[in-house]
Structure formats: structure tokens, C-alpha cells
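To start, the structure under review is shown below, and the notes come after it.
Note that the numbering runs from 1 along the sequence shown for the chain.
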Amino acid sequence: MTNRLTLRKTGALAGAALLFSVAAEPARAESLAITYGLSLAGLPIGTAQMTGSVTRESYKLDVQAKMTGLAGLLTSGRGAGVASGVNAGGKLLPSAYALSSGGGSQVYTVRMALKSGDVAAVDIQPPLDAKVDRVPVLESHKKGVVDPVSALLFPVAGRGPLMEPAACDRTIPVFDGAGRFDVTLSYAARKDVDVPGYKGPVLVCSARYTPISGHRVSRKSTQFMADNRDMEAWLAPVEGAHALVPLKIAVRTMVGTTVIEATKVNLTKTADAGAPASPGGGARHAFAEPARP
């Protein structure tokens with residue numbers, strides 16, 4: 001596993017269905033902007049930012065990451081993405097996904113259309129190489145899924161308190177265009193944090209990665225991640241949208257612990273215009289398989 005674990009595990013998507021009629025009043029949205037520092041084995045390797053708006057009915061997210069220093073030289077160094085979709089009673093229904101990472105002649109892109117959480121079409125460039133040890137992706141693996149960027153938003157059903165242990169307990173079915181995996185979260189602790197722009201409680205959720213399909217069984221990194229118990233996400237509340245967002249993600253890798261940690265948080269209530277996002281790219285989810293096959 002390499003430094004690409006951080007850059008390529010966050011993902012992206014584009015386009016969304018609107019839930020409001022012409023006569024409806026505009027929904028109140030939480031406009032968010034979170035800046036993160038990226039580190040590996042305690043050494044800074046880059047920065048990332050997640051921006052967008054979230055309501056109780058819809059969401060739009062933009063994720064960008066940039067590796068710096070030696071990490072930027074060893075990898076292609078950049079990833080960028082945009083995501084939008086429907087927030088239906090605490091369940092996200094993405095409508096499209098686009099990913100772009102790398103640079104120069106080493107650009108990797110994915111575009112995926114979804115309908116009500118089911119994958120309708122996928123385009124990957126360059127196409128994946130055929131490998132005899134790759135687990136086939138079945139049509140059933142593309143149903144009821146979220147993309148890697150949508151997986152960074154944690155809606156909570158109902159209207160009760162957000163910061164309850166039960167908010168951690170969930171399994172996130174992720175399809176990144178090439179493969180399907182599950183991220184299972186469970187409650188670990190509640191802590192208080194003090195980050196510029198946010199001072200208050202976070203839920204600490206333990207995480208497990210389960211590969212389903214699209215991965216290569218001969219890769220040691222895949223089995224390492226499946227056995228890995230040293231993964232966690234620290235989630236902070238977005239009250240207006242009744243959702244949680246990560247302020248910290250920590251994942252032990254084969255070369256040290258990768259940490260994505262917020263350095264600045266900005267949440268602002270705004271009137272949501274409801275315009276869908278346009279296709280873009282992004283870094284893959286931090287719990288995905290550690291490198292492109």
C-alpha cells in the first residue's frame with residue numbers, strides 16, 4: 001500500500017434530482033467547507049477540502065485533494081470530485097458519479113450514472129486490465145449503493161439527537177465504478193474537539209472494510225485491509241441537515257497510519273438554490289481498496 005491510499009479513496013459524483021416544485025419555498029441548507037491535513041506515519045503529505053451544501057432533502061459535495069512534497073512526486077498528486085443526490089429520510093440516493101485523479105498521461109477517470117441508488121451506466125478510462133484473480137462484479141453488487149464521495153456524508157434518520165451512539169451503527173455499501181465493498185461502522189466513543197470553526201462533541205466510530213467484488217484476491221493489501229481493525233472516523237454534526245460529516249479519518253496501512261484530519265471548519269446556513277452539480281472527479285474513499293488494480 002502506498003501514499004495513494006489517501007488520495008484515491010475519496011471519490012466523486014455529479015448531477016442530482018430536485019425535490020422541490022416551482023411553488024415551494026427554498027430549503028434551508030447547511031453550506032459547509034472543511035479543510036483537512038493529510039499525514040502518513042506522522043509526516044504531512046498533503047491537504048484536502050470538502051465543500052458543498054446539505055439539506056434534509058438533497059446534498060451537493062465537492063472534494064479536492066493534493067499531495068505535497070515527496071508524496072506529490074511519488075504519486076500523480078491530485079484528485080478532485082463533485083457529488084450530488086437526494087437525502088431521502090436519512091438514506092442517500094446518488095444520481096451520478098465522476099472521478100478524476102492523477103495528472104499528465106496518468107489520468108484515471110470514472111463516470112457513473114445512478115438511479116435511486118442503482119448503477120445504470122459506468123465508463124472507466126483507461127479501462128481496467130483483465131486479471132484472472134479479479135473477483136467478478138455482479139449486477140446485484142450495483143444495486144442500493146453509494147459512491148465514495150457520498151459515503152463521506154452520514155445522514156441520520158428521524159429528528160432525534162444526532163450525537164447518539166446509534167448514529168455510528170451502519171453499513172455503507174460503496175461502489176466506485178470498478179468494485180463493490182462495504183464499510184461497517186460501530187460506536188467506539190464520544191470525544192470533544194476544538195478545531196478552528198468548530199468546538200464541540202464528535203462521535204468516534206470504528207470501521208471495518210469488507211471487499212465484495214472488483215478486487216484482486218492475490219493482493220496482500222486487500223487481505224490486510226479486510227483484516228484491519230485499526231480504522232476509525234470522527235463525526236461532527238451538521239444540525240440543519242440532520243447529518244454527520246467526518247472531521248478525522250484514521251486508517252492503519254502497510255506502511256503506517258494514514259490520517260485525514262480537519263484543520264478548519266465552516267458551516268453556514270443558506271437558502272439552497274437546488275442546482276445540481278456538474279460532473280467532476282475526486283479522490284477515493286479512505287476505506288477503499290488501497291490502489292487501482
Side-chain H-bond candidate by donor/acceptor type, H141 with S213, under 3.5 Å: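 Their side chains do contain a donor-acceptor pair, which is all the 3.5 Å distance test asks for.
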
If only side-chain N and O atoms count, and only distance matters, is there a donor-acceptor pair under 3.5 Å linking Y187 with S206? no

Can you check whether [Y]'s main-chain N or O pairs, donor with acceptor, with [X]'s side chain at less than 3.5 Å?
X: H215; Y: Q223; value: no
X: N87; Y: T55; value: yes
X: T253; Y: G256; value: yes
X: D118; Y: G144; value: yes
X: R208; Y: N228; value: yes

Rounded to the nearest 0.5 Å, what's the gap from [atom1] on [X] to [atom2] on [Y]? Could you check?
X: R78; Y: S100; atom1: CZ; atom2: OG; value: 11.5 Å
X: I45; Y: K66; atom1: CD1; atom2: NZ; value: 14.0 Å
X: S58; Y: L92; atom1: OG; atom2: CG; value: 10.5 Å
X: D133; Y: R219; atom1: CG; atom2: CZ; value: 8.0 Å
X: L40; Y: T257; atom1: CG; atom2: OG1; value: 8.0 Å
X: L138; Y: K143; atom1: CG; atom2: NZ; value: 11.5 Å

Residues D123 and R111 bridged, charged N to O under 4.0 Å: no

Output yes when R180 and D182 qualify as a salt bridge under the 4.0 Å nitrogen-oxygen rule, no when they do not. yes

One pair to check against side chain to side chain contact (heavy atoms under 4.5 Å, CB included): R252 and M231. What are the steps and the verdict? CA-CA 6 Å; R252 182 169 62 91; M231 298 187 287; 6.0 Å; no

Which heavy atom of [X] sits nearest a heavy atom of [Y], and at what distance?
X: K91; Y: P155; value: N-CG, 4.3 Å
X: F181; Y: P211; value: CB-CA, 4.1 Å
X: P201; Y: P237; value: O-CD, 3.8 Å
X: V54; Y: A241; value: CG1-CB, 3.3 Å
X: M50; Y: V63; value: CG-CG2, 4.0 Å
X: P94; Y: L114; value: O-CB, 3.4 Å

For residues [X] and [Y], determine if any side-chain heavy atom of one lies less than 4.5 Å from a side-chain heavy atom of the other.
X: T51; Y: Q49; result: yes
X: V193; Y: K199; result: no
X: M67; Y: L38; result: yes
X: M225; Y: V251; result: yes
X: T263; Y: P196; result: no
X: W234; Y: I249; result: no
X: Y108; Y: L99; result: yes
X: K142; Y: V137; result: yes

Using the rule that two of Ile, Leu, Val, Met, Phe, Trp, Tyr join whenever any of their side-chain heavy atoms come within less than 4.5 Å, decide whether [X] and [Y] are in one cluster.
X: I212; Y: F175; result: no
X: L43; Y: Y36; result: no
X: Y198; Y: V204; result: yes

May I have the step-by-step check of side chain to side chain contact (heavy atoms under 4.5 Å, CB included) for L203 and L244, ending in yes or no? CA-CA 9 Å; L203 291 178; L244 302 165; 4.2 Å; yes

Write out all pairs satisfying side chain to side chain donor-acceptor pair (under 3.5 Å) with one or both partners inside residues 160-175, taking only residues at least two apart or from two chains.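 Of all non-adjacent pairs touching residues 160-175, those that pass side chain to side chain donor-acceptor pair (under 3.5 Å) are T171-T184.
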
Do L235 and V202 pass the side chain to side chain contact (heavy atoms under 4.5 Å, CB included) test, and can you show the C-alpha distance, the side-chain angles, and the key distance before you say yes or no? CA-CA 5 Å; L235 307 181; V202 295; 5.9 Å; no

Begin from the C-alpha positions of Y59 and S150 and carry the test side chain to side chain contact (heavy atoms under 4.5 Å, CB included) through to its verdict. CA-CA 9 Å; Y59 67 95; S150 294; 2.7 Å; yes

How is the hydrophobic cluster of V217 composed, in terms of its other members, when Ile, Leu, Val, Met, Phe, Trp and Tyr link through side-chain heavy atoms under 4.5 Å apart, directly or indirectly? V135

Can you name the residues that form a salt bridge (Lys or Arg N to Asp or Glu O under 4.0 Å) with K248, not counting sequence neighbours?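 Partners of K248 under the salt bridge (Lys or Arg N to Asp or Glu O under 4.0 Å) test: none.
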
